[in-house]
Amino acid sequence: MKPSDRVDRVPPSGIRRFFELAEEADDVISLGVGEPDFSAPWAAREAGITSLEQGRTSYTANRGRRELRERIQRKLREYDLEYSADDEIIVTTGVSEALDVGIRALVNPGDTVAVPDPSYVSYRPTVEFADAEPLAVPTSMDDEFRLSYETLQEAGAEDADALVMCYPNNPTGAIMPEDDLREVAEFARDHDVTVLSDEVYADLTYDGDHTSIASLEGMRERTVVFNGFSKAYAMTGMRLGYAAAPPEVVSAMNRVHQYTMLSAPTTAQYMAIEALDSCNADVEEMRREFDRRRNFVLARLEEIGLDCFTAKGAFYVFPESPWEDDGEFAEALLEEEGVAVVPGNVFGESGEGHLRMSYATGMEDLKEAMDRLDSFV
Amino acid sequence: MDKLHRDLVDLLSKDARQSTEDLARMTDSTAEEVEEAIDELEEDGVLLGYQAVVDWTEVTDDHVEAYVEVNVALDRETDYTDVSERIQSYPEVQRLTLVSGNYDFGLVIQGDSMNEVSRFVSDKIAVIPEITQTVTHFVMETYKDRGVEFGDGDDDERLSVSP
Ligand SMILES: Cc1ncc(COP(=O)(O)O)c(C=O)c1O
């Protein structure tokens with residue numbers, strides 16, 4: 001059988017190749033991991049276990065359990081966002097599904113979707129699977145990988161129908177403070193661009209609170225906010241996320257979701273209810289631990305002499321590669337020193353010449369990895 | 001307490017064996033600042049000591065730990081501090097706390113055998129005039145101590161490289 005043209009035109013992820021290399025090597029310390037090294041808070045796990053003991057293994061409402069949506073409504077208020085649990089929130093199988101459904105619900109075949117470059121590896125393929133065209137918006141270390149009115153304009157994004165953005169950012173660790181977000185908001189309003197804002201790292205910021213672009217004037221009606229439990233609650237494997245948007249958007253998303261997913265995992269929904277009720281302290285403890293590691297890694301990179309801007313969110317730093325070819329460097333580092341990092345080019349052209357290092361790894365391993373990196377460069 | 005002092009207390013209470021340089025990197029400060037802050041914390045009686053968490057079953061078969069509940073009867077001349085002073089100086093006493101509830105003092109006692117610990121409680125603790133009752137619980141198994149879980153720990157099952 002022959003795969004469809006739709007699938008055929010999307011190349012396999014560059015991450016995958018690196019994963020295979022890392023799996024083959026011995027004694028590897030990996031800074032290539034895109035998920036927390038913690039387990040979900042015990043209270044949330046316990047709630048999942050209890051729900052199973054009580055036999056809660058059926059489907060839920062398409063949009064997710066009502067109690068969960070109510071708690072998400074409350075959670076979003078932390079970011080100055082007001083969405084109704086009734087018809088403005090949908091619970092999904094991870095942010096991944098929410099993005100897919102959101103793009104399919106809002107983007108027509110042939111539409112253009114602006115995607116900052118570098119960015120999380122799924123955006124472009126998700127756009128392409130919806131038969132739309134991704135448009136790269138280059139960002140650079142000089143601008144701390146932020147978007148601006150100018151960068152969007154230079155990339156020709158005024159003709160785009162939608163913009164997918166992610167701050168705090170994977171792979172760079174960049175954040176967008178309110179002033180910078182205002183420029184993007186202005187651009188979106190001026191050119192009637194729908195914003196799909198992936199805020200899955202919102203609670204992992206280290207220098208002040210997260211601002212959501214949807215909270216800015218005139219943005220609620222043109223923004224879909226995506227968030228979930230994978231990162232801040234260390235629940236990647238539970239596959240739970242959500243989207244918040246005006247009713248007509250959530251309704252359209254639900255049309256796709258109800259046929260393709262039916263409902264998000266039930267056990268995970270019970271865990272998430274508990275997580276939102278009682279796990280703030282766990283999240284804060286993980287955040288503080290990440291912050292210390294971030295400080296540590298940034299300090300070591302400076303000592304080693306790798307240029308790196310001060311990443312203020314997520315759990316990544318994105319230093320310059322000592323060699324021009326980041327792919328070659330990453331491979332050599334893996335081969336010679338057994339340290340896995342992800343070459344920046346897999347996140348897009350503007351990622352070339354950089355390395356993504358994740359500090360979602362225990363302190364002892366981080367120290368050892370930095371020592372090995374030091375002796376290699 | 002300022003942020004650096006507070007961070008250092010947190011970090012050292014989890015792992016006291018980290019180098020000054022690493023502590024400085026983690027707290028975004030200099031080694032000198034860390035050195036100075038730790039000196040102050042020690043002088044101010046905040047940091048009282050640094051100890052390892054030991055799984056004694058890996059060291060010897062002759063290590064016994066017991067919790068002892070102690071009840072006391074006070075009078076006008078004697079308060080809790082007077083009694084605690086008579087208990088705390090014994091090296092066998094690892095921990096001594098005044099607690100609310102059904103008894104007054106909670107002790108953690110360590111020794112080489114159950115016999116030794118029992119004798120210590122009856123000969124040295126129970127005989128103190130103000131003490132009216134002791135109840136000794138020998139520890140049979142330790143699962144977690146000072147935040148550290150015993151046993152082999154879980155393997156990291158994450159994919160070594162992921163998006
Ligand atoms: C920016 C970003 N968005 C979405 C996801 C996927 O999230 P989920 O596990 O909720 O599908 C990731 C995971 O790496 C991510 O980094």
Side-chain angles (χ1 to χ4, degrees), chain A residues 13-25 28-39 96 120-122 170-171 206 236-237 285 288-289 291-303 310 330 334 340-343 346-347 356 358 360-367 370, chain B residues 1-38 41 46-47 50-55 58 142-163:
Chain A
S13 166
I15 292 255
R16 183 75 211 174
R17 202 181 95 75
F18 235 78
F19 166 68
E20 276 154 19
L21 287 176
E23 288 293 285
E24 280 164 23
V28 172
I29 298 181
S30 182
L31 308 184
V33 189
E35 60 179 323
D37 53 321
F38 305 106
S39 293
S96 305
Y120 176 53
V121 296
S122 294
N170 177 7
Y206 308 107
T236 41
E285 183 55 35
R288 278 164 56 175
E289 178 63 26
D291 190 19
R292 287 164 185 150
R293 296 177 189 174
R294 177 183 72 106
N295 285 331
F296 175 81
V297 170
L298 287 170
R300 285 296 279 128
L301 289 175
E302 192 178 327
E303 289 162 15
T310 306
L334 179 62
V341 300
V342 182
V346 311
F347 302 101
R356 189 192 73 171
S358 156
T361 290
M363 206 53 211
E364 284 313 307
D365 277 349
L366 275 182
K367 286 179 193 173
M370 288 297 141
Chain B
M1 200 178 279
D2 72 14
K3 183 159 187 314
L4 175 59
H5 287 71
R6 188 59 234 244
D7 280 348
L8 288 171
V9 171
D10 280 350
L11 285 166
L12 291 170
S13 68
K14 292 211 186 70
D15 179 1
R17 212 168 163 265
Q18 313 192 62
S19 70
T20 307
E21 288 72 27
D22 285 344
L23 290 169
R25 291 175 183 125
M26 280 184 261
T27 53
D28 195 16
S29 45
T30 65
E32 291 71 36
E33 284 164 348
V34 167
E35 200 87 62
E36 197 177 311
I38 292 178
L41 288 165
V46 179
L47 296 177
Y50 306 90
Q51 296 182 332
V53 178
V54 178
D55 182 354
E58 297 287 334
T142 301
Y143 303 101
K144 189 175 183 182
D145 188 12
R146 282 172 284 167
V148 179
E149 291 187 44
F150 284 37
D152 294 338
D154 299 328
D155 289 340
D156 189 344
E157 290 199 340
R158 297 177 301 161
L159 301 179
S160 55
V161 179
S162 57

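Just so it is clear: chains get the letters A, B, ... in the order the sequence lines come, proteins before strands, and each one is counted from 1. This structure is a prediction, so every number in the text was calculated from the model and none was measured. Atom set for the values below is all heavy atoms of this structure, side chains included, hydrogens, waters and symmetry mates excluded.
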Legend entry - A:Glu23 atom CD, over 12 foreign heavy atoms within 6.0 Å: yes
Legend entry - Choice from A:Glu289, A:Glu20, A:Arg288, A:Arg293 maximising heavy atom contacts with chain B below 4.5 Å: A:Arg288
Legend entry - Sidechain-backbone polar pair: A:Asn170 side chain, B:Pro163 backbone, donor-acceptor under 3.5 Å: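 Side chain of A:Asn170 to backbone of B:Pro163, a donor-acceptor pair under 3.5 Å: yes, one is there.
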Inset, instruction - Look at the side chain of B:Arg158 and the backbone N and O of A:Glu35, then say whether any donor-acceptor pair between them is shorter than 3.5 Å. - result: yes
Legend entry - chain A contact via B:Thr27 - which portion, at a heavy-atom distance below 4.5 Å: backbone
Legend entry - Region of B:Asp156 in contact with chain A, defined by heavy-atom distances below 4.5 Å: neither
Legend entry - For A:Ala22 against B:Ser160, the heavy-atom pair lying closest together: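 Smallest interatomic distance, heavy atoms only, reads CB-OG, 3.7 Å.
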Legend entry - Which atom of B:Val161 lies closest to which atom of A:Phe18, heavy atoms considered: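 Heavy-atom minimum between the residues: CG2-O, 4.1 Å.
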Atom group of [X] that falls short of 4.5 Å from chain B, counting heavy atoms:
X	value
A:Val28	neither
A:Arg16	neither
A:Glu303	side chain
A:Arg356	side chain
A:Ala360	both

Legend entry - Contacts of residues 17-25 of chain B with chain A (heavy atom under 4.5 Å): B:Gln18, B:Asp22, B:Arg25
Inset, instruction - Identify the residues of residues 4-14 of chain B whose heavy atoms come closer than 4.5 Å to a heavy atom of chain A, ordered by number, or report 'none'. - result: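 Residues in range: B:Asp7, B:Asp10, B:Leu11, B:Lys14.
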